Peer 1: 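Quick one: the structure is below, and I'll ask about it shortly.
Computation of the quantities below employed the complete heavy-atom set of this structure, encompassing side-chain atoms and omitting hydrogens, waters and symmetry-equivalent molecules. So you know, we letter chains A, B, ... as the sequences are listed, proteins then strands, and number each from 1. Since this is a predicted model, take the numbers as computed values, not measurements.
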Amino acid sequence: MLTRDVVTAWTPILLSRVGEPNSEKIGAYLRTGGYEGLRKALTMTPDEIIAEVKASGLRGRGGAGFPTGTKWGFIPKDAPVKYLAVNTDEGEPGTFKDRLIVERDPHSILEGVIIAAYAIGAHRAFVYIRGEFFLGVKRWIKAISDAYGHGFLGKNILGSGFDLDVSVHRGAGAYICGEETAMIESLEGGRGEPRQKPPYPAQKGLWQQPTLVQNVETLANIPHIIRCGADWYSTIGTPQSKGPKIFCVSGHVNRPGNYELPLGVTLREIIEEHAGGVRMGRKVKAVIPGGASTPILTADQLDVPMAFETLQAAGSALGTGAVIVMDETTDMVEVVRRTAGFFVHESCGGCTPCRIGGKRLLETLNAVADGRGTNKDLLKLEELTAGITGITFCPMGTGMCEPVSSGLARFRSEFEARVA
Amino acid sequence: MNGEAVQTKPVGNAIGAAIVDPAKQSILLAALYIAQEQQGYLTREAVERVAKRLGLRPGEVYSTASFYTLFRTEPVGRYVIQVCDGLSCYLCDGAGRIAGYVGKKLNLAPGETSEDGRFTLEMVQCLASCGTAPAMRVNDQLYENLTPAGIDAILERLMGEV
Ligand SMILES: Cc1cc2nc3c(=O)[nH]c(=O)nc-3n(C[C@H](O)[C@H](O)[C@H](O)COP(=O)(O)O)c2cc1C
Ligand code: SF4
Ligand code: FES
């Protein structure tokens, strides 16, 4: 266990409201500083806002960690029509933070949406939400309606001359639609199959117009950055990973849940201090640190700081910040089979390495897990993951391989014990 | 139209407002949800109606609908019970045990619908409730921190309602 004095002192920013009654209502939001960031933003020029977001060091919270201000700068200034798309598709197994923000504090996202739209000069924003988030859909719609009622949306927002309309669109049960170009296809009413990049959405997105796609948690940071400034924001975190992050902790811990902490907190502190340690006094065996598509870490890697650069150096990734903890009793072969199985099931089928390679991968994993496999099957798994990784049309095919290659490399003896 | 997935601006007719978007297709998913509401699945007539209304070919509408698991082209039970099969729920002793328990109580295997048309049992992927695993959903209601006793209570209530 850690001693108390090394526990990071942190007062939540993004999750400051979610525990309060009626936190989703506009009244509660306005009473706690809501829309002050927007008021300030409307006194700034779009360029000033983009510069501020760049200086804050904020990176995307949807999985890829791309610098947010840089992405805003890519939207061409002279394009006549631009769009903003809000990614509320949250489907990466282990991740349950965006649903919490949408259900409990939707205005914090919406305020970020309006500021972002003003900064890039978009007058139309689309909220894409996972079809299964029934309460989230209601909360989004209510928040948007109330924002119209208060003059935060529509024509001439707060007398600034800036116009913005926002609508809500439900997905319909396809994980791949969280990928930004698949989401664009789905918003256009099509099958959610990813598009070739480049061109990136910032150049040609929705209906071929420049489109900014941003994750919910990313947008929820924006009002704070504008209100309190990039100087303040960039004191939080590590050199390459700034700001607070919501870590979704699940699996074999005593207190699973969402924990907001500054980036750079160690995995050990999250598990042992905040999530109450492993249940039944057991030991950690393995941790998936950033959602199902991030490589599995072992128990001797718990001191890694949870930041983009440090997790990469540890052979994994920050991903969505979804920490899945597995204790010493866990069957790692089963974990790998399930995790890879998810991606195989969700493959859009658009490219061969992911569609066919995924099938082969799962067949082989099934054979190993069910005790029908041989040593050759372990070699085959290595060949398949090497063959699929990096060559698929979208990053999902690679994501499918991460649990397999990391599981095999770091828990090899368990796989070997399963095969003849 | 019930306001979902369309312009939420509190003015005018929702379909009319949504059509201001650059393509008719952009409201296709919303239209399919509405078409599915009455019968619980997409009938051929419903698909044709959507196609006609939006000026699309029925084939185009089917092509989109068939991509998404929430659009169904077969009838389902009045209560669709979806048990999470994701990793976190599995770790919390969910997936296998919970699904087995529900299945035994209703005498259904995953994918099956009861003969009286009341219940459909499905295994689904992560419901974004991993912090409160194990989780399942019945129609639009989410249930978390499931235990056998909790499931008994839920199923008893549903059986009483039918
Ligand atoms: C297979 C796949 C699924 C994804 N799912 C999501 C998702 O559910 N939510 C999300 O915000 N980003 C998701 N992403 C990342 C998006 O493509 C995109 O990078 C992100 O929405 C950009 O926003 P950000 O910069 O604010 O993170 C996914 C990416 C891939 C490859
Ligand atoms: S990698 Fe998989 S999900 Fe991505 S385009 Fe290819 S088949 Fe579709
Ligand atoms: S794994 Fe069951 S809700 Fe996420």
Side-chain angles (χ1 to χ4, degrees), chain A residues 90-96 98-99 124 130-135 137 140-141 144-145 148-149 153-154 165-175 186-193 206-207 209 248-252 256-258 288 292 322 324-326 330 334-335 338-339 342 345-346 348, chain B residues 3-11 14 17-18 20-33 36 54 56 60-61 63-72 82 84-92 95-96 124-133 135 137 139-142 145:
Chain A
E90 188 169 64
E92 177 83 354
T95 313
F96 47 95
D98 296 345
R99 184 167 77 87
R124 191 73 178 78
R130 197 172 154 184
E132 293 94 333
F133 287 0
F134 294 91
L135 181 59
V137 171
W140 256 127
I141 290 175
I144 291 168
S145 305
Y148 272 106
L153 285 175
D165 285 310
V166 184
S167 57
V168 179
H169 302 254
R170 283 177 73 190
Y175 164 76
S186 185
L187 273 171
E188 290 184 5
R191 297 165 64 86
E193 286 166 9
L206 276 164
W207 300 287
Q209 307 302 320
C248 318
V249 190
S250 68
H252 294 151
N258 278 309
I288 295 179
I324 307 173
V325 180
M326 292 160 267
T330 311
E334 181 60 23
V335 165
R338 280 182 171 265
T339 314
F342 164 78
H345 179 259
E346 292 296 327
C348 84
Chain B
E4 265 178 13
V6 292
Q7 187 85 344
T8 39
K9 202 171 169 177
V11 287
V20 300
D21 287 342
K24 287 184 215 126
Q25 279 205 331
S26 73
I27 60 163
L28 180 51
L29 266 61
L32 286 170
Y33 268 117
Q36 183 165 272
L54 298 180
L56 300 166
E60 290 175 290
V61 174
S63 162
T64 294
S66 62
F67 186 81
Y68 298 94
T69 55
L70 293 184
F71 295 132
R72 306 166 183 281
Q82 300 185 310
C84 180
D85 197 22
L87 178 59
S88 305
C89 285
Y90 157 76
L91 292 173
C92 295
V124 294
Q125 285 301 335
C126 181
L127 295 172
S129 308
C130 332
T132 42
R137 204 173 39 231
N139 295 356
D140 58 2
Q141 184 65 45
L142 181 67
N145 294 312

Peer 1: Would you check if Phe96(A) and Cys130(B) make a side-chain contact, meaning some heavy-atom pair closer than 4.5 Å?
Peer 2: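 Heavy-atom side-chain distance check passes, below 4.5 Å.
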Peer 1: Using non-hydrogen atoms and a 4.5 Å limit, figure out which bit of Leu187(A) sits close to chain B: side chain, backbone, both or neither.
Peer 2: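 Just its backbone gets close to chain B.
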Peer 1: If you measure from CZ on Arg170(A) to OH on Tyr33(B), what distance do you get to the nearest 0.5 Å?
Peer 2: 4.0 Å
Peer 1: How far apart are the closest heavy atoms of Gly190(A) and Tyr68(B), and which atoms are they?
Peer 2: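 That closest heavy-atom pairing would be O-OH, 2.7 Å.
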Peer 1: Check for a donor-acceptor pair, side chain of Arg338(A) on one end and backbone N or O of Tyr90(B) on the other, with a separation under 3.5 Å.
Peer 2: no
Peer 1: Heavy-atom distance under 4.5 Å to chain B: side chain of Gln209(A), backbone, both or neither?
Peer 2: neither
Peer 1: Give, as side chain, backbone, both or neither, the part of Thr330(A) having an atom under 4.5 angstrom from any heavy atom of chain B.
Peer 2: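 Side chain only.
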Peer 1: So His252(A) and Cys92(B), do their side chains get closer than 4.5 Å, heavy atoms only?
Peer 2: no
Peer 1: Does some side-chain heavy atom of Leu29(B) sit less than 4.5 Å from a side-chain heavy atom of Ser186(A)?
Peer 2: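 Sidechains of Leu29(B) and Ser186(A): in contact.
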Peer 1: Are the side chains of Leu91(B) and Met326(A) in touch, meaning some heavy atoms are under 4.5 Å apart?
Peer 2: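 Result yes, sub-4.5 Å side-chain heavy-atom pair found.
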Peer 1: Using side-chain heavy atoms (C-beta onward) and a distance below 4.5 Å, is Ser66(B) in contact with Arg191(A)?
Peer 2: yes
Peer 1: Test your reading of the model: is there a side-chain donor-acceptor pair from Ser88(B) to the backbone of Ser250(A), 3.5 Å cut-off?
Peer 2: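 No; judged by distance alone, with no hydrogens or angles, the pair does not exist.
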Peer 1: Kindly compute the distance separating CZ (Phe342(A)) from CG (Leu87(B)), expressed to the nearest 0.5 Å.
Peer 2: 11.0 Å
Peer 1: Examine whether an atom of Leu142(B) lies under 4.5 Å from a heavy atom of chain A, and if so say whether it belongs to the side chain, the backbone or both; otherwise answer neither.
Peer 2: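 For Leu142(B), the contact with chain A is made by the side chain alone.
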Peer 1: Shortest non-hydrogen contact from Phe133(A) to Ala128(B)?
Peer 2: CZ-CB, 3.7 Å
Peer 1: For Glu346(A), enumerate each residue passing the salt bridge (charged side-chain N to carboxylate O under 4.0 Å, His left out) test, keeping only those at least two apart in sequence or located in another chain.
Peer 2: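 By the salt bridge (charged side-chain N to carboxylate O under 4.0 Å, His left out) rule, Glu346(A) matches no residue at all.
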Peer 1: At a heavy-atom separation under 4.5 Å, does Asn145(B) approach chain A through its side chain, its backbone, both, or neither?
Peer 2: neither
Peer 1: Would you say the side chain of Arg137(B) lies within less than 4.5 Å of the side chain of Phe134(A), judging by non-hydrogen atoms?
Peer 2: yes
Peer 1: Counting only non-hydrogen atoms closer than 4.5 Å, does Leu153(A) touch chain B with its backbone (N, CA, C, O), its side chain (CB onward), both, or neither?
Peer 2: neither
Peer 1: Relative to chain B, which segment of Tyr175(A) carries a heavy atom at a distance below 4.5 Å: side chain, backbone, both, or neither?
Peer 2: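 When you check distances to chain B, no heavy atom of Tyr175(A) falls under 4.5 Å.
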Peer 1: Identify which of Gly192(A), Gly91(A), Pro93(A), Gly94(A) forms the greatest number of heavy-atom pairs closer than 4.5 Å to chain B.
Peer 2: Gly192(A)
Peer 1: Could you pull out the closest heavy-atom pair between Phe71(B) and Ala172(A), with the gap in Å?
Peer 2: CE1-CB, 3.5 Å
Peer 1: Going by the rule salt bridge (charged side-chain N to carboxylate O under 4.0 Å, His left out), which residues pair with Glu132(A) if we only count those two or more places apart in sequence or in a different chain?
Peer 2: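 If we apply the salt bridge (charged side-chain N to carboxylate O under 4.0 Å, His left out) test to Glu132(A), skipping adjacent residues, the hits are Arg130(A).
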Peer 1: Given Cys126(B) and Glu92(A), is the side chain to side chain contact (heavy atoms under 4.5 Å, CB included) satisfied, shown in steps?
Peer 2: CA-CA 8 Å; Cys126(B) 181; Glu92(A) 177 83 354; over 6 Å; no
